[in-house]
Amino acid sequence: MKEINKMVIYQVFTRLFGNDLKNNEVGGNLTQNGCSKMNDFTDKALQQIHALGATHIWYTGVIAHATQTDYSAYGIPRNHPAVVKGIAGSPYAIRDYYDIDPDLSVDVEHRMTEFESLIERSHRNGLQVVIDFVPNHVAREYHSLVAPEGVRDLGQDDDTNQAFDADNNFYYIPGVSLGGDINLWNNEMGTYIENPARATGNNRFDAYPNVNDWYETVKLNYGVDYLNNTGCHFSPSPDTWRKMRDILLFWAAKGIDGFRCDMAEMVPCEFWGWVIPQIKEKFPEVIFIAEVYNPAEYRNYIFNGKFDYLYDKVGLYDTLRGVVCGYASAMDITRCWQSVNDIQKNMLNFLENHDEQRIASDFFAGDARKALPALVVSACMNTNPMMIYFGQELGEKGMDQEGFSGKDGRTTIFDYWSVDTLRRWKGNGTFNGTGLSEEELELQAYYRKVLTLCNAEKALLKGQFFDLMYVNSNCSGMNPHKQYAFLRRCEDEVLLVVANFDAQSARISVNLPQHAFEYFQLSPTTSYEAEELLTGQKMLLPFFWKCPVQVEVPSYGAVILKFRLAPKE
């Protein structure tokens with residue numbers, strides 16, 4: 001039987017992780033700025049990621065995508081720069097669903113073999129592998145060079161005279177060439193011509209995308225007639241459904257353990273409910289994570305779409321960001337979990353990913369330490385998964401102006417670059433941390449402590465949850481706008497967790513309601529031995545509804561008190 005763990009995902013932007021070149025040039029090419037390789041994920045690197053508490057690693061951007069780098073020497077046609085964002089290109093503009101991106105390989109001709117070795121190496125070091133599946137759109141110049149024999153290319157059999165056909169893979173604007181507010185001219189390659197134009201990935205069903213659209217991509221057709229309003233054509237299953245199922249089966253057969261499905265809600269839920277059971281029939285352990293932002297659709301994509309997990313972005317992430325930045329109350333956290341209480345186990349918590357601004361950036365908190373209480377809340381509230389983004393645990397600021405992405409508080413996904421904190425942490429492959437500051441090492445140690453506790457403590461791994469805010473919102477010594485408290489319980493152990501989002505330390509009296517003891521079926525005792533799990537400090541504390549628990553919580557910090565139910569004599 002498969003071991004049950006609380007899932008802790010380490011998302012890594014594969015192109016950037018191992019790049020050690022300093023002094024990168026803004027908008028620099030591959031030669032100037034360098035690029036990470038799959039082989040940079042050595043046993044040592046993967047052991048360090050696992051030691052951080054990660055159970056899974058999400059290799060972002062491994063499938064071949066459009067790029068301005070010339071790989072024609074390897075039989076890969078050049079992409080027209082007009083329809084590539086950045087020099088390196090977006091990993092979400094897939095140019096070949098059956099190929100590995102050549103940027104990531106030491107030996108381009110053996111790039112798939114290198115990927116298969118990466119999967120084996122990850123598994124050997126205790127990490128399950130997640131990759132992207134980008135179902136809604138592909139690069140404008142999509143063409144598979146290495147698809148298995150007999151596989152028909154996307155668009156290969158389309159009737160381009162029809163704006164919509166249920167068995168077309170794309171949507172067309174017949175008789176009209178691609179135009180719009182984008183420069184389609186390049187000095188070397190001339191004008192990019194697309195006639196008839198195809199709908200753009202962000203549901204732009206005309207021939208005139210602008211620079212704010214996903215202009216480098218084309219929308220895939222899953223049988224929904226957006227153009228003529230004739231509804232959904234799902235029976236028989238459209239050709240795109242079958243092609244995308246085969247792509248998922250191809251990668252699952254490589255031994256990967258999960259798919260993070262980009263913009264899953266832009267694809268009909270009916271497709272997911274059709275395809276996921278088919279994948280799980282052959283690969284029952286493979287997980288599916290959906291990027292869905294509409295809370296009204298959460299239960300649809302879980303119960304009908306059959307997803308295992310959904311992003312908790314517009315709920316917990318947005319709320320915690322507000323609390324960290326001081327424009328939301330810690331009491332709002334209660335509203336978050338209540339809104340998804342019936343599907344809490346299916347929600348994926350995070351504080352950073354490739355789409356969001358770095359915590360330490362000038363656009364978010366400006367200091368990574370301010371989010372430590374949010375880390376404790378995200379990771380410890382429930383049994384559902386937690387995800388962090390590479391460099392988050394080091395306080396990466398994301399304040400470089402790399403090129404296409406600009407200075408936006410995010411780590412670029414479009415440019416060749418290296419990440420300062422990662423480069424110093426890796427120390428030329430030693431991972432000895434000597435290049436990190438004392439503050440960065442302390443931050444990393446805090447993340448390691450919290451994330452490893454998630455699977456070391458059974459109350460966090462599989463315990464019940466009880467929110468304490470309803471009996472602490474008006475008590476003296478606790479500011480409900482700056483502090484948040486809850487209990488976790490499993491068998492003979494109870495954890496009291498108090499997070500402090502304030503810049504000042506706080507001595508807090510935490511009320512424990514009688515209902516909590518009834519809910520957990522606990523017998524109150526006046527004196528329990530307690531251990532503060534983040535520091536190891538041990539103490540005797542009362543654990544009774546008539547006697548508030550006194551705790552000292554550091555600024556931008558938390559306490560996790562573990563009570564053993566056998567009373568101290």
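Fair warning: this is a prediction, and the values are worked out from it, not measured in the lab.
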### Message
side chain to side chain donor-acceptor pair (under 3.5 Å), that's the test. Do Asp332 and Thr319 meet it? Break it down for me.
### Response
CA-CA 7 Å; Asp332 294 337; Thr319 297; over 6 Å; no
### Task
Show the numbers, then the answer: is there a side chain to side chain donor-acceptor pair (under 3.5 Å) between Asn168 and Asn221?
CA-CA 7 Å; Asn168 276 356; Asn221 171 11; over 6 Å; no
### Task
Would you please test Glu393 and Arg448 for salt bridge (charged side-chain N to carboxylate O under 4.0 Å, His left out) and show each step?
CA-CA 8 Å; Glu393 75 279 17; Arg448 184 184 302 114; over 6 Å; no
### Message
Show, in sequence, the C-alpha distance, side-chain angles and deciding distance for Lys254 and Glu116, and conclude whether the salt bridge (charged side-chain N to carboxylate O under 4.0 Å, His left out) test is met.
### Response
CA-CA 7 Å; Lys254 294 290 181 185; Glu116 291 165 350; 2.7 Å; yes
### Check against side chain to side chain donor-acceptor pair (under 3.5 Å), Glu291 and Tyr293
CA-CA 7 Å; Glu291 185 184 19; Tyr293 295 130; 2.4 Å; yes
### Query
Are Glu120 and Arg124 close enough, and set up right, to give a salt bridge (charged side-chain N to carboxylate O under 4.0 Å, His left out), and what steps lead you there?
CA-CA 6 Å; Glu120 189 279 328; Arg124 188 172 68 237; 2.5 Å; yes
### Task
Apply side chain to side chain contact (heavy atoms under 4.5 Å, CB included) to the pair Tyr389 and Val12, showing each step before the final yes or no.
CA-CA 6 Å; Tyr389 191 39; Val12 58; over 6 Å; no
### Message
Between Tyr484 and Asp467, does the side chain to side chain donor-acceptor pair (under 3.5 Å) criterion hold? Intermediate values first, please.
### Response
CA-CA 9 Å; Tyr484 181 72; Asp467 192 311; 2.6 Å; yes
### Task
Please step through ring-ring contact (aromatic ring centres under 6.0 Å, His included) for the pair Tyr309 and Phe288, ending with a clear verdict.
CA-CA 7 Å; Tyr309 305 106; Phe288 283 81; over 10 Å; no
### Message
Go through it in stages, so that I can follow the logic: the residues are His50 and Asn125, the test is side chain to side chain contact (heavy atoms under 4.5 Å, CB included), and I'd like the CA-CA distance, side-chain angles, deciding distance and then a yes or no.
### Response
CA-CA 7 Å; His50 182 59; Asn125 287 288; 5.6 Å; no
### Stepwise salt bridge (charged side-chain N to carboxylate O under 4.0 Å, His left out) check, Asp308 with Lys280
CA-CA 11 Å; Asp308 298 291; Lys280 286 181 176 277; 3.1 Å; yes
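The backbone N or O of Ser36 sits nowhere less than 3.5 Å from a side-chain atom of Asn19 that would complete a donor-acceptor pair. Although no hydrogens or angles enter the test, the distance criterion places no donor-acceptor pair under 3.5 Å between the side chain of Arg489 and the main chain of Gln464. The backbone N or O of Arg369 lies less than 3.5 Å from a partner atom in the side chain of Asp367, making a donor-acceptor pair. No side-chain donor-acceptor contact under 3.5 Å links Asp153 to the backbone of Gln156. Although no hydrogens or angles enter the test, the distance criterion places no donor-acceptor pair under 3.5 Å between the side chain of Asp415 and the main chain of Gly86. Checking side-chain atoms of Asp101 against main-chain N and O of His65 turns up a donor-acceptor pair under 3.5 Å. A donor-acceptor pair under 3.5 Å is absent between the side-chain atoms of Asp400 and the main chain of Lys407, judged by distance alone.
A salt bridge between Asp99 and Arg111 is present, with a side-chain N of the basic residue lying under 4.0 Å from a carboxylate O of the acidic one. Remark: Glu216 does not engage Arg140 in a salt bridge, criterion side-chain N to carboxylate O under 4.0 Å. Taking a cutoff of 4.0 Å between a charged side-chain nitrogen and a carboxylate oxygen, Arg299 and Asp342 qualify as a salt bridge. Using a 4.0 Å cut-off between charged nitrogen and carboxylate oxygen, Asp40 and Lys37 do not count as a salt-bridge pair. Under a 4.0 Å N-O distance rule, the pair Glu141/Arg95 does not qualify as a salt bridge.
For Asp225, there are no salt bridge (Lys or Arg N to Asp or Glu O under 4.0 Å) partners, not counting sequence neighbours. Under the side-chain contact (heavy atoms from CB on, under 4.5 Å) criterion, Phe234 pairs with Val224, Cys232, Trp241, Pro268, Glu270, sequence neighbours left out. Among residues two or more places apart in sequence or in another chain, the side chain to side chain donor-acceptor pair (under 3.5 Å) test is passed with His354 by Gln11, Tyr92. In this structure Val419 satisfies the side-chain contact (heavy atoms from CB on, under 4.5 Å) test together with Leu16, Phe390, Glu396, Thr411, Thr421, Leu422, sequence neighbours excluded. Residues forming a side-chain contact (heavy atoms from CB on, under 4.5 Å) with Arg242 (at least two apart in sequence, or on another chain): Asp167, Ser237, Asp239, Arg245, Trp274.
Figure legend: Lys85 and Tyr215 shown as a cation-pi pair, the cationic atom lying under 6.0 angstrom from the six-membered ring centre and within 45 degrees of its axis. Cation-pi geometry between Arg198 and Phe170 is met: the NZ or CZ atom falls under 6.0 Å from the ring centre, inside 45° of the normal.
Counting only heavy atoms from C-beta outward, the side chains of Arg260 and Phe133 never approach each other to under 4.5 Å. Side-chain contact between Val8 and His56 is absent, with no heavy-atom pair separated by less than 4.5 Å. Put simply, the side chain of Leu351 does not reach to within 4.5 Å of the side chain of Arg321, judged on heavy atoms. Using a 4.5 Å heavy-atom threshold, the side chains of Tyr301 and Leu310 count as touching. Looking only at side-chain heavy atoms (C-beta outward), Asp132 and Ile63 stay at 4.5 Å or farther from each other.
Applying the ring-ring contact (aromatic ring centres under 6.0 Å, His included) test between Trp251 and each of Phe115, Phe283, Phe259 identifies Phe115 as the sole match.
Aromatic ring centres of Phe350 and Tyr311 lie closer together than 6.0 Å. Taking the six-membered ring for Trp and the full ring otherwise, His233 and Phe164 have centroids separated by under 6.0 Å. The ring of Phe307 has its center closer than 6.0 angstrom to the ring center of Trp272. The six-membered or imidazole ring of Tyr171 lies near that of Phe205, with a centre-to-centre distance under 6.0 Å. Separation of the Trp337 and Phe465 ring centroids falls under the 6.0 Å cut-off.
With 3.5 Å as the limit, one finds a donor-acceptor pair spanning the side chains of Glu297 and Asn300. Between the side chains of Ser117 and Glu114, no donor-acceptor pair is found at a separation under 3.5 Å. No hydrogens or angles considered: nothing links the side chains of His137 and Asn202 as a donor-acceptor pair under 3.5 Å. Side chain to side chain, Glu402 and Tyr416 fail the donor-acceptor criterion of an N or O pair below 3.5 Å.
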Check residues 371-385 and write down every donor-acceptor pair under 3.5 Å in which the side-chain atom is one partner and the other belongs to a residue at least two apart or another chain.
| unit_1 | atom_1 | unit_2 | atom_2 | d |
| --- | --- | --- | --- | --- |
| Ser378 | OG | Ala374 | O | 3.1 |
| Asn384 | ND2 | Met347 | O | 2.6 |
| Asn384 | ND2 | Asn349 | OD1 | 3.2 |

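For the atom pair Ile119 CD1 and Ile57 CD1, the distance stands at 12.0 Å (nearest 0.5 Å).
Here the closest heavy-atom approach between residue Gly201 and residue Trp214 is recorded as C-CE3, 3.5 Å. Scanning all heavy atoms of the two residues, the minimum distance from Arg358 to Gly391 falls at NH1-C, 3.7 Å.
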